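Quick note on labels: first sequence line is chain A, next is B, and so on, each numbered from 1. On a predicted model such as this, the values are computed, not experimentally measured, just so you know.
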Protein chains: 2
Amino acid sequence: MANDTAQRVLDVAEQLVQTRGYNGFSYADIAQALHVTKASLHYHFPAKADLGARLIERYERNFLAALGRVDAQAKGAPEKLRRYAAIYEAVLRAGRMCLCGMLAAEFGTLPDGMRSDMRHFFDENERWLKGVLQQGKREGTLAFAGSAAGAAQALIGALEGAMMIARSYGDVDRFHAASERALKELGA
Amino acid sequence: MANDTAQRVLDVAEQLVQTRGYNGFSYADIAQALHVTKASLHYHFPAKADLGARLIERYERNFLAALGRVDAQAKGAPEKLRRYAAIYEAVLRAGRMCLCGMLAAEFGTLPDGMRSDMRHFFDENERWLKGVLQQGKREGTLAFAGSAAGAAQALIGALEGAMMIARSYGDVDRFHAASERALKELGA
DNA sequence: GTCTATAGGTGGATAGAC
DNA sequence: GTCTATCCACCTATAGAC
């Protein structure tokens, strides 16, 4: 399959960005992992910025697909929020940071295209969460002050930050506790 | 003054790490900013890891000094928390990330010494916050569920995460809103 | 303490054969 | 599509003169 190599490149690159950051890996790392040469990687992704952009696009697509499954499997807003946080926790349990959380830290050195792609990921997260929060308020299953958008932004920030620090301590429980606390504050 | 150059190096390096990350700057960047050669930088900081370690130590010292001033100037726990959050906001307003928040993202590529120095910064933050939270609970000026240590960890994570994302949007208000929300959840 | 000069390595990227 | 070979810029770091 022609496309198969590109997918494997993305798989390895994704893991590298989530553990070492966009500035913390090179084409040589991917080449070594896949037993190919750097030159052949440039055939699939001419510049590193191309690889980075395709990485974010795929990550967002997969993430939104997971949110779609949450919508399909969970009815109540509290359960949706719990599953949302569980996605983050699974990433951390794999020893990784959220791809876009990582890129947010590296914002100052990112190419323009990757910057807006990264923000788009957070915008979509906020949009989905806002819907869940509004649903919960309507149903009376959630209780929070202020706007749903503001609460959504705060939750995303809290989860990303907790994840980043917990990873530095190699302590998933630390993330879990912060996550539980954040959900309780929304009445979940 | 002999020590003056080292301080200026640290000033520039600090700004670079807070905006571009530890892996996002080089001795050449500092050399250019200070109109000296790279070689002379190695006289003050033989290896980049030395520079990194001294950077964290100084950042923590200054941060703890700021917390000491908060203790001296604010009496009530809620006011202390507000001033704590204001320190973060001032950093963000300067277009910077928290030095250690930045390093937490780069954890996967950091030398061992910098890893433990970075965690020490967060440990000290937690310790101070825990004291303030216990004070507030004792005085009845704060109200939160669970342990003070857990609440402290959650607050640190929420502020770091909100800061990181807000910076990507160039939007200090976004941070401020998340910060206010986090403080309110502690009853402040 | 700061300089010139340079070593030795790695970064992203390209040309051209197969 | 993948390879060999190579370019050039940049990286951290050191030697040794001043």
Side-chain angles (χ1 to χ4, degrees), chain A residues 1-56 102-103 105-115 117, chain B residues 1-17 19-56 58 102-103 105-115 117:
Chain A
M1 223 162 292
N3 226 359
D4 208 47
T5 302
Q7 286 301 314
R8 279 202 301 270
V9 173
L10 288 173
D11 289 340
V12 173
E14 184 175 83
Q15 193 264 344
L16 285 168
V17 173
Q18 289 185 265
T19 51
R20 304 176 52 85
Y22 180 74
N23 293 323
F25 85 98
S26 71
Y27 272 43
D29 296 322
I30 303 173
Q32 190 174 27
L34 295 181
H35 305 292
V36 294
T37 59
K38 289 188 292 170
S40 102
L41 298 178
H42 281 283
Y43 169 80
H44 297 282
F45 305 95
K48 197 184 181 185
D50 300 324
L51 173 55
R54 302 252 319 250
L55 221 38
I56 303 173
M102 203 66 154
L103 297 178
E106 295 179 290
F107 183 79
T109 60
L110 291 186
D112 279 346
M114 290 182 65
R115 289 185 176 189
D117 288 347
Chain B
M1 226 162 291
N3 227 357
D4 207 46
T5 302
Q7 286 302 314
R8 279 203 300 269
V9 172
L10 288 172
D11 289 340
V12 173
E14 184 175 83
Q15 191 265 344
L16 285 168
V17 174
T19 50
R20 305 176 51 87
Y22 180 74
N23 293 322
F25 85 97
S26 72
Y27 273 42
D29 296 322
I30 304 173
Q32 191 173 25
L34 294 181
H35 306 292
V36 294
T37 61
K38 291 186 287 171
S40 102
L41 299 177
H42 281 284
Y43 169 80
H44 298 281
F45 305 95
K48 198 184 180 186
D50 300 322
L51 173 54
R54 303 252 319 251
L55 220 38
I56 304 173
R58 191 182 73 154
M102 202 66 155
L103 296 177
E106 296 179 289
F107 183 79
T109 61
L110 290 187
D112 278 347
M114 288 183 66
R115 288 185 177 190
D117 287 347

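With rounding to whole Å, A:Asn23 atom CG is found 13 Å from C:dG12 atom C1'. One interatomic measurement links the two molecules: OH of A:Tyr43 to P of C:dG16, which rounds to 18 Å at whole-angstrom precision. Per the geometry, NE2 belonging to B:His35 stands 18 Å off C1' belonging to C:dG1, to the nearest Å.
One finds no side-chain N or O of A:Thr37 lying less than 4.0 angstrom from the OP1 or OP2 phosphate oxygen of D:dT2. OP1 or OP2 of D:dT2 lies within a sub-4.0 Å distance of a side-chain N or O belonging to A:Thr5.
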Where do A:Leu55 and A:Tyr22 land on the side-chain contact (heavy atoms from CB on, under 4.5 Å) test, with the steps shown first?
CA-CA 10 Å; A:Leu55 221 38; A:Tyr22 180 74; 5.9 Å; no
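Every residue meeting the side-chain contact (heavy atoms from CB on, under 4.5 Å) condition with A:Ala39, not counting sequence neighbours, appears here in chain and number order: A:Thr37. A:Thr19 is linked by a side chain to side chain donor-acceptor pair (under 3.5 Å) to nothing, counting only residues two or more places apart in sequence or in another chain. Residues meeting the side-chain contact (heavy atoms from CB on, under 4.5 Å) test with B:Ala33, sequence neighbours left out: B:Val12. With sequence neighbours left out, B:Phe107 forms a ring pair (Phe, Tyr, Trp, His ring centres under 6.0 Å) with no residue at all.
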Treating primed atoms plus P, OP1 and OP2 as sugar-phosphate and everything else as base, which nucleotides of nucleotides 8-13 of chain D get B, S or - for protein heavy atoms under 4.0 Å?
---SBB
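Annotation: salt bridge (charged side-chain N to carboxylate O under 4.0 Å, His left out) contacts involving residues 5-34 of chain A, sequence neighbours excluded, comprise A:Asp4-A:Arg8, A:Asp11-A:Arg58, A:Glu14-A:Arg58, A:Glu14-A:Arg96. Sorted by first then second residue, the salt bridge (charged side-chain N to carboxylate O under 4.0 Å, His left out) pairs that include residues 33-51 of chain B, not counting sequence neighbours, number zero.
Counting heavy-atom neighbours within 6.0 Å of A:Gln32 CD, excluding the residue itself, gives a total of 12 or less.
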So what's the dot-bracket for DNA chain C: Watson-Crick or G-U pairs under 3.5 Å, [ ] if a pair crosses, | if it pairs off-strand?
||||||||||||||||||
